[in-house]
Amino acid sequence: MYARACAHRMRGIKMNADSLSQLKGIFEDILKETGTELSFTPLGGDETAFPLSYRGEETSVYIRGKGQEAENKIKLVRYLISGSAKKERGSEDSLKNILLGEGGGWEAFRYIAKNNLADGKCFAVDVVPDRRCDEAFKHVERCIEGGVDRAVRMDKSRIAIVKFSSDEESPAEFAQFIFQSLYEELGIRASVGVGCGVNSFSEIASSYTQAVTAVKLSEIFHSKGEVHSYREYLLVTMLQDLPETRIKEYAAQFRISNAAEVFTDPDLAITAERFLENDLNLSETSRTLFLHRNTLMYRLDKIKRITGLDLKDFSDAVTFRVISILYKLIKL
């Protein structure tokens, strides 16, 4: 009865071909995503007809099912299609929203379908140029031109890249390529953060958050280099999630008050940081800091006298790293 009434009321209503074509594509997306079958013509069997508005026009649509179950599906369909109509925004705006976690899996699914991309493993990169962000963005676009990867301006100072994984290069290698290309071609230095890989584009927001976090933590911890992976800071993020009272308890157990003397001395602090970053390699640290080996040894011995920790010993070096993180978290 409801189906006949709707069909009678909508008889003669016509929607333009462009809108019908767009709706047909949306129907296919809805079927893949939710299992709900929709058609402009009767499906046969148990079905319900209902009026559907799209971009200011209305047409008759048929959906599988009867009664309350069909009504619930119709509400969902109208919500999804209404969202699609409102979100006829540019591809860049859509990607930006997806990376910020706004719109959820449905918008990510729509973006993949609309851009004819194959869903799969991918990761996000956060690029923060030191200047001329507009020019840097255009260069990044040229770097990924012709492939499936995507780039978008997140704000006046940040560029995001979605890199679909391949066996050709690792995330770190790709990020290094972006940094090197910006510097060599444009003279622009950038901080580049790399998020962890995810199995589906629908999860890319978490990877982008990690990439942004890597850049921010690299600034806080004055990390060496320009490319930073979120994996470098897993220990930091784990400790950062602890309540401040617990962090202070751990700090007290490590006698952090003594270690503070090292962290407040610029020479000792940078020496310890570079020694750890260079995998406890004396020669490499001397070269990096332009220090004579004897001067480096003197500073390491002084750190040992203050903290009781010999940074040349792996176990003590790990302890010192944890102490340095706790100190910086407390100081934030």
Trainee: Strictly distance-based, threshold 3.5 Å: is any side-chain N or O of E47 a donor or acceptor partner for the main-chain N or O of G44?
Mentor: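 Yes, because the side chain of E47 sits within donor-acceptor range (under 3.5 Å) of the backbone of G44.
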Trainee: Between D313 (side chain) and S315 (backbone), is there a donor-acceptor pair under 3.5 Å?
Mentor: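 Yes: the side chain of D313 pairs with the backbone of S315.
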Trainee: Measure from the side-chain N and O atoms of R150 to the backbone N and O of V148, and report whether any donor-acceptor pair falls under 3.5 Å.
Mentor: yes
Trainee: Taking I144's backbone N and O only, do any of them form a donor-acceptor pair with D149's side chain (distance below 3.5 Å, no angle check)?
Mentor: no
Trainee: Would R189 and E226 count as a side-chain contact (heavy atoms from CB on, under 4.5 Å) if you check the C-alpha gap in whole Å, the side-chain angles of each, and the deciding distance to 0.1 Å?
Mentor: CA-CA 8 Å; R189 286 193 173 275; E226 295 81 11; 3.4 Å; yes
Trainee: Side chains of D126 and V192: closer than 4.5 Å at any heavy-atom pair?
Mentor: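 Not in contact.
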Trainee: To the nearest 0.5 Å, how far apart are CD in E261 and CZ in R305?
Mentor: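 Rounded to the nearest 0.5 Å, the CD-CZ separation comes to 10.0 Å.
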Trainee: Inspect the contact between R142 and E145 and indicate whether a charged nitrogen and a carboxylate oxygen are less than 4.0 angstrom apart.
Mentor: no
Trainee: Where is the tightest heavy-atom contact between A259 and I323, given as atom of each residue plus distance?
Mentor: CB-CG2, 3.7 Å
Trainee: Can you name the nearest heavy-atom pair linking P129 to A190, along with the distance?
Mentor: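 Where P129 meets A190 most closely, the heavy atoms are CA-CB, 3.8 Å.
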Trainee: Between K73 and E69, is the salt bridge (charged side-chain N to carboxylate O under 4.0 Å, His left out) condition met? List the steps.
Mentor: CA-CA 6 Å; K73 288 181 179 179; E69 180 185 2; 3.6 Å; yes
Trainee: Any side-chain heavy atom of R64 sitting closer than 4.5 Å to one from T36?
Mentor: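 Result no, sub-4.5 Å side-chain heavy-atom pair not found.
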Trainee: Do L31 and I26 belong to the same hydrophobic cluster, where Ile, Leu, Val, Met, Phe, Trp and Tyr are linked whenever their side-chain heavy atoms lie under 4.5 Å apart, directly or via other members?
Mentor: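 Different hydrophobic clusters.
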Trainee: Could you report the tightest heavy-atom contact between I204 and F123, atom names first, then the distance?
Mentor: CD1-C, 3.7 Å
Trainee: How many angstroms lie between atom OG of S200 and atom CD of E203, to the nearest 0.5 angstrom?
Mentor: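 One gets 5.5 Å once the value is rounded to the nearest 0.5 Å.
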Trainee: K156 versus C133: any side-chain heavy-atom pair under 4.5 Å?
Mentor: no
Trainee: What I want to check is whether the side chains of Q68 and N72 have a donor and an acceptor closer together than 3.5 Å.
Mentor: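 Per modelled atom types, Q68 and N72 side chains form a pair under 3.5 Å.
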Trainee: Counting only heavy atoms not in K121, do more than 12 fall under 6.0 Å of its NZ?
Mentor: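 At most 12 heavy atoms, drawn from other residues, nucleotides or ligands, come within 6.0 Å of this atom.
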Trainee: For a side-chain contact (heavy atoms from CB on, under 4.5 Å) check, start with the C-alpha distance between I303 and L309, then their side-chain angles and the critical distance, and finish with the verdict.
Mentor: CA-CA 7 Å; I303 292 171; L309 298 171; 5.8 Å; no
Trainee: Do F50 and E71 come close enough that some side-chain heavy atom pair is under 4.5 Å?
Mentor: no
Trainee: Does some side-chain heavy atom of L291 sit less than 4.5 Å from a side-chain heavy atom of R299?
Mentor: yes
Trainee: Passes side-chain contact (heavy atoms from CB on, under 4.5 Å), L99 versus M154? Steps please.
Mentor: CA-CA 9 Å; L99 289 169; M154 299 303 289; 4.0 Å; yes
Trainee: Are the side chains of V125 and I178 in contact, using a 4.5 Å heavy-atom criterion?
Mentor: no
Trainee: Do Y298 and L300 sit in the same hydrophobic cluster, where Ile, Leu, Val, Met, Phe, Trp and Tyr count as joined when their side-chain heavy atoms come under 4.5 Å apart?
Mentor: no
Trainee: Which heavy atom of A260 sits nearest a heavy atom of Y327, and at what distance?
Mentor: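 A260 and Y327 have their closest heavy atoms at CB-CE1, 3.8 Å.
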Trainee: Is a donor from one side chain sitting under 3.5 angstrom from an acceptor on the other, for H228 and S191?
Mentor: no
Trainee: Nearest 0.5 Å, what's the CD1-CZ distance between I188 and R131?
Mentor: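 Answer rounded to 0.5 Å: 6.0 Å.
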Trainee: What's the shortest heavy-atom distance between A136 and L186, and which atoms?
Mentor: CA-CD1, 4.2 Å
Trainee: Using a strict cut-off of less than 4.0 Å between a Lys/Arg side-chain nitrogen and an Asp/Glu carboxylate oxygen, indicate whether E135 and K138 qualify as a salt bridge.
Mentor: no
Trainee: Decide yes or no for C122 and K163: does some side-chain heavy atom of the first lie under 4.5 Å from some side-chain heavy atom of the second?
Mentor: no
Trainee: So if you build clusters from Ile, Leu, Val, Met, Phe, Trp, Tyr with side-chain heavy-atom gaps below 4.5 Å, do L95 and V128 land together?
Mentor: no
Trainee: Count I, L, V, M, F, W, Y as connected when their side-chain heavy atoms are under 4.5 Å apart, and connections chain through other members. Are Y183 and V127 then in the same cluster?
Mentor: no
Trainee: How far does OH of Y230 sit from CG of L217, to the nearest 0.5 angstrom?
Mentor: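 Answer rounded to 0.5 Å: 8.0 Å.
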Trainee: Quick one: does any side-chain atom of S170 pair with a main-chain N or O of E173 as donor and acceptor, under 3.5 Å?
Mentor: yes
Trainee: Could you tell me whether a side-chain N or O of D279 sits under 3.5 Å from a main-chain N or O of N281, the two making a donor and an acceptor?
Mentor: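 Such a contact is absent between D279 side chain and N281 backbone.
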Trainee: Between S207 and V198 (side chain of the first, backbone of the second, donor and acceptor by atom type, cut-off under 3.5 Å), is there such a pair?
Mentor: no
Trainee: Considering only heavy atoms from C-beta outward, does the side chain of I30 approach that of L38 to under 4.5 Å?
Mentor: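 I30 vs L38: side chains touch.
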Trainee: Are V215 and V212 connected in a single hydrophobic cluster, I mean Ile/Leu/Val/Met/Phe/Trp/Tyr linked by side-chain heavy atoms less than 4.5 Å apart?
Mentor: no
Trainee: Between Y208 and I98, is the side-chain contact (heavy atoms from CB on, under 4.5 Å) condition met? List the steps.
Mentor: CA-CA 10 Å; Y208 178 66; I98 291 167; over 6 Å; no
Trainee: Within the side chain of D316, is there an N or O that forms a donor-acceptor pair under 3.5 Å with the backbone of D310?
Mentor: yes
Trainee: What are the two closest non-hydrogen atoms of K66 and T48, and how far apart are they?
Mentor: CA-OG1, 3.8 Å
Trainee: Working to the nearest 0.5 angstrom, can you tell me the gap between E273 CD and T285 OG1?
Mentor: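 Going from the CD atom of E273 to the OG1 atom of T285 covers 11.0 Å.
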Trainee: How long is the gap from OG on S286 to CZ on R293, to the nearest 0.5 Å?
Mentor: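 It comes to 6.5 Å.
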Trainee: Are the aromatic rings of F263 and F320 close, with centres under 6.0 Å apart?
Mentor: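 Yes, close enough.
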Trainee: Using the ring centroid of each side chain, check whether F40 and F27 are separated by less than 6.0 Å.
Mentor: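 F40 vs F27: aromatic centres under 6.0 Å.
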